[in-house]
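Working notes, beginning with the structure itself.
Keep in mind it's a predicted model, so treat the numbers as computed, not measured. Note: hydrogens, waters and symmetry copies are ignored here, and every other heavy atom, side chains too, is used. Letters A, B, ... mirror the listed sequences (proteins, then strands); counts begin at 1.
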2 protein chains.
Amino acid sequence: MTTANQIDLLINHINYHIELSQYDIGKISEVIEFKELKKKDFLISPGDRSNTMNFIVQGCMRSFYLDENAQEHTLQLGIEEWWINDLYSYLSRKESRMYVQALEQTKLILLPRLKLEKLYFEVPEVSHFFRMKFQNAYVSMQERIINSMSDEAYERYTDFIKTYRDIEQRVPQYIIASYLGITPEFLSHLRKKNS
Amino acid sequence: MTTANQIDLLINHINYHIELSQYDIGKISEVIEFKELKKKDFLISPGDRSNTMNFIVQGCMRSFYLDENAQEHTLQLGIEEWWINDLYSYLSRKESRMYVQALEQTKLILLPRLKLEKLYFEVPEVSHFFRMKFQNAYVSMQERIINSMSDEAYERYTDFIKTYRDIEQRVPQYIIASYLGITPEFLSHLRKKNS
DNA sequence: GTTCTTTCTTAAGCTATCTTAAGAGTTTTT
DNA sequence: AAAAACTCTTAAGATAGCTTAAGAAAGAAC
């Protein structure tokens, strides 16, 4: 996959939501950086500060944190054409407490904050695009709280499969369990019981 | 409490975070609307669309929704100088699935979206202020997911008391239970066991 | 193709939390 | 001040989900 192809993927993705001119596309292309991660590599580790918005061109990633008992809890999963980050750190500019990790060999496009904020002025559509992204992030967080409070684990699991069919195929079950907030053993149990 | 006092409270609140000129203050004052709710009145009900940002001048409010079993789940609590809303509905412009309700007699200042968006251009500081508010809302949602996944109920309860000491005093326990995601009976049990 | 590592399953016993139900306190309304 | 409505507590029995431990299966590395 050439870098030109990679840029096209990002541009099409943005263009799907808003209307971009040739000028806009040129401007966006100027701020792009590339990054490639091997399976299990970390994009962000606790103590880092996130200073980029990260678009998955190819591969699969997740963000998670460790609780006091060193249990992993997965907050976000993403594949091609998803954005992945510790938005807490990116927005607040504080140190992250999370890991953002590649689950497969992964190609990313990074948009550095400083250049991106300049771009907001030159191409206001991009500003709208990211405002929408932040809103959606908020809404999906709220959705998740609502689910976790009202649904039982088996229902959360079937919801997950319905919503993320393509991700479910590529991610180990123990990570799905850690996303759903249950142990892998219990997930295995649920799958058997209700199949 | 005069309306001038109420406006002052809002202006001081905003001014605490950003720097406002006399001109800015005048402009903000122009978009203000007042609303007063009796205990148990609803500001928003399922099916409504939220078109205002809502600042609590005096009183106490909460947002909650009902799950399939008609169980209440509290998402947000607020007292004086807090903002309360169904941000999902406000941001996405879709119908709310939530209730936003007064827990005491409550005085509110409402900022209608259309006027507010015009104000963003006239007073960019206000735009920054609300961007910060949205960010904080996101971060506190994430915080809440992290807590609900890693902590046991008793720990979540003591965290709640520490963080919201002033709210805890004014809100019935069954609402705190529904915020923590446990039954009121179990909260009562926890309070006894660990006191 | 064998070995090592990672992931998934099974099952038994345990614990946190829920359900139901009833009664005791509190507020609010009349 | 009495009645009504709301809130909190207690306790017994039920259940969802966890822990531990072991082995099976699948993938990756040599």
Side-chain angles (χ1 to χ4, degrees), chain A residues 37-41 59-60 62 64 66-74 77 99 101-106 147-161 167-195, chain B residues 37-41 59-60 62 64 66-74 77 99 101-106 147-161 167-195:
Chain A
L37 297 173
K38 284 194 295 243
K39 189 169 174 171
K40 294 187 189 175
D41 279 356
C60 183
R62 72 157 168 161
F64 68 98
L66 299 179
D67 69 18
E68 320 85 66
N69 310 312
Q71 291 293 118
E72 291 180 5
H73 298 278
T74 298
L77 289 165
Y99 296 89
Q101 185 186 34
L103 299 177
E104 304 172 358
Q105 162 124 334
T106 299
N147 280 340
S148 79
M149 293 214 297
S150 33
D151 298 348
E152 303 231 309
Y154 184 66
E155 201 179 341
R156 298 207 304 276
Y157 175 59
T158 51
D159 278 6
F160 178 87
I161 291 182
I167 290 188
E168 190 244 336
Q169 306 294 338
R170 286 163 71 170
V171 170
Q173 270 179 51
Y174 72 88
I175 289 181
I176 295 176
S178 93
Y179 181 94
L180 295 172
I182 58 178
T183 59
E185 293 85 354
F186 189 55
L187 177 54
S188 184
H189 174 71
L190 289 176
R191 284 159 54 83
K192 188 184 181 199
K193 201 176 76 179
N194 303 85
S195 62
Chain B
L37 297 172
K38 286 193 295 246
K39 189 170 176 173
K40 294 190 191 173
D41 279 356
C60 183
R62 71 157 168 160
F64 68 99
L66 298 179
D67 69 17
E68 319 85 65
N69 309 312
Q71 292 291 120
E72 290 181 4
H73 298 278
T74 298
L77 290 165
Y99 296 89
Q101 184 186 34
L103 299 177
E104 303 173 358
Q105 162 128 335
T106 299
N147 281 340
S148 79
M149 295 216 295
S150 32
D151 298 348
E152 302 231 311
Y154 184 67
E155 202 180 341
R156 299 207 303 277
Y157 174 60
T158 51
D159 278 5
F160 178 87
I161 291 182
I167 289 189
E168 190 243 336
Q169 307 293 339
R170 287 164 71 170
V171 171
Q173 270 180 52
Y174 73 88
I175 289 182
I176 295 176
S178 93
Y179 181 94
L180 295 173
I182 58 179
T183 59
E185 292 86 355
F186 189 54
L187 176 55
S188 184
H189 174 72
L190 289 176
R191 282 160 54 84
K192 187 183 183 202
K193 202 177 75 179
N194 303 87
S195 63

- Query: Can you list the residues that meet the ring-ring contact (aromatic ring centres under 6.0 Å, His included) rule with A/Phe64, with sequence neighbours excluded?
  - Reply: A/Tyr99

- Length of the OH-P vector between B/Tyr157 and C/dT17, whole Å: 15 Å

- Message: Rounded to whole Å, how long is the line connecting atom CD of A/Glu72 with atom P of C/dT6?
- Response: 13 Å

- Students should find that the end-to-end axis angle of the helix from C/dG1-D/dC30 to C/dT30-D/dA1, with five pairs defining each axis and rounding to 10 degrees, is 50°

- Query: For the pair made of CD in A/Gln173 and C1' in C/dC8, what is the distance, rounded to whole Å?
  - Reply: 6 Å

- Message: At under 4.0 Å between heavy atoms, how does the protein contact nucleotides 12-18 of chain D? Give one character per nucleotide, 5' to 3', with B, S or -.
- Response: ----SBS

- Message: Output the rounded distance in Å from CZ (B/Arg191) to C1' (D/dT10).
- Response: 14 Å

- Task: Taking the side chain as every heavy atom from C-beta outward, state whether B/Ile167 and B/Tyr179 have any pair of such atoms under 4.5 Å apart.
- Result: no

Less than 3.5 Å apart, which donor and acceptor atoms pair up between the side chains of residues 180-188 of chain B and the rest of the protein, not counting sequence neighbours?
{"from": "B/Thr183", "atom 1": "OG1", "to": "B/Phe186", "atom 2": "N", "distance (Å)": "3.2"}

- Any B/Lys38 side-chain heavy atom under 4.5 Å of B/Gln105 side chain: yes

- Query: To the nearest angstrom, how far is A/Lys40 atom NZ from D/dA28 atom C1'?
  - Reply: 9 Å

- Query: Considering only heavy atoms from C-beta outward, does the side chain of B/Ile175 approach that of B/Arg62 to under 4.5 Å?
  - Reply: yes

- Query: Starting at CD of B/Glu104 and ending at C1' of D/dC6, how long is that distance when rounded to a whole Å?
  - Reply: 16 Å

- Just grab all the side-chain hydrogen bond (donor to acceptor under 3.5 Å, both in side chains) pairs involving residues 168-177 of chain B, residues at least two apart or on different chains. B/Glu80-B/Arg170, B/Glu104-B/Arg170, B/Gln173-B/Arg191

- Heavy-atom side-chain proximity of A/Leu77 to A/Leu103 below 4.5 angstrom: yes

- Query: Could you state the CD1-P distance from B/Ile176 to D/dC8, rounded to the nearest angstrom?
  - Reply: 8 Å

- A/Asp151: what forms a side-chain contact (heavy atoms from CB on, under 4.5 Å) with it, not counting sequence neighbours? A/Asn147, A/Glu155, A/Arg156, A/Asp159, B/Glu68

- Got a sec, which residues hit side chain to side chain donor-acceptor pair (under 3.5 Å) with B/Gln71, two or more places apart in sequence or on another chain? none

- Gap between atoms CD and C1', on B/Gln71 and C/dT19 respectively (whole Å): 10 Å

- Item | 5′-ward residue of the pair B/Glu185/A/Glu185 relative to DNA chain C | A/Glu185

- Listed partners of B/Lys40 passing side-chain contact (heavy atoms from CB on, under 4.5 Å), at least two apart: B/Gln101

Dump the pairs, protein N or O against N or O of nucleotides 23-30 of chain C, anything under 3.5 Å, distances to one decimal.
{"from": "C/dT28", "atom 1": "OP1", "to": "B/Lys39", "atom 2": "NZ", "distance (Å)": "3.3"}

- Message: Once side chain to side chain donor-acceptor pair (under 3.5 Å) is applied, do any residues pair with A/Ser148, and if so which ones, sequence neighbours excluded?
- Response: none

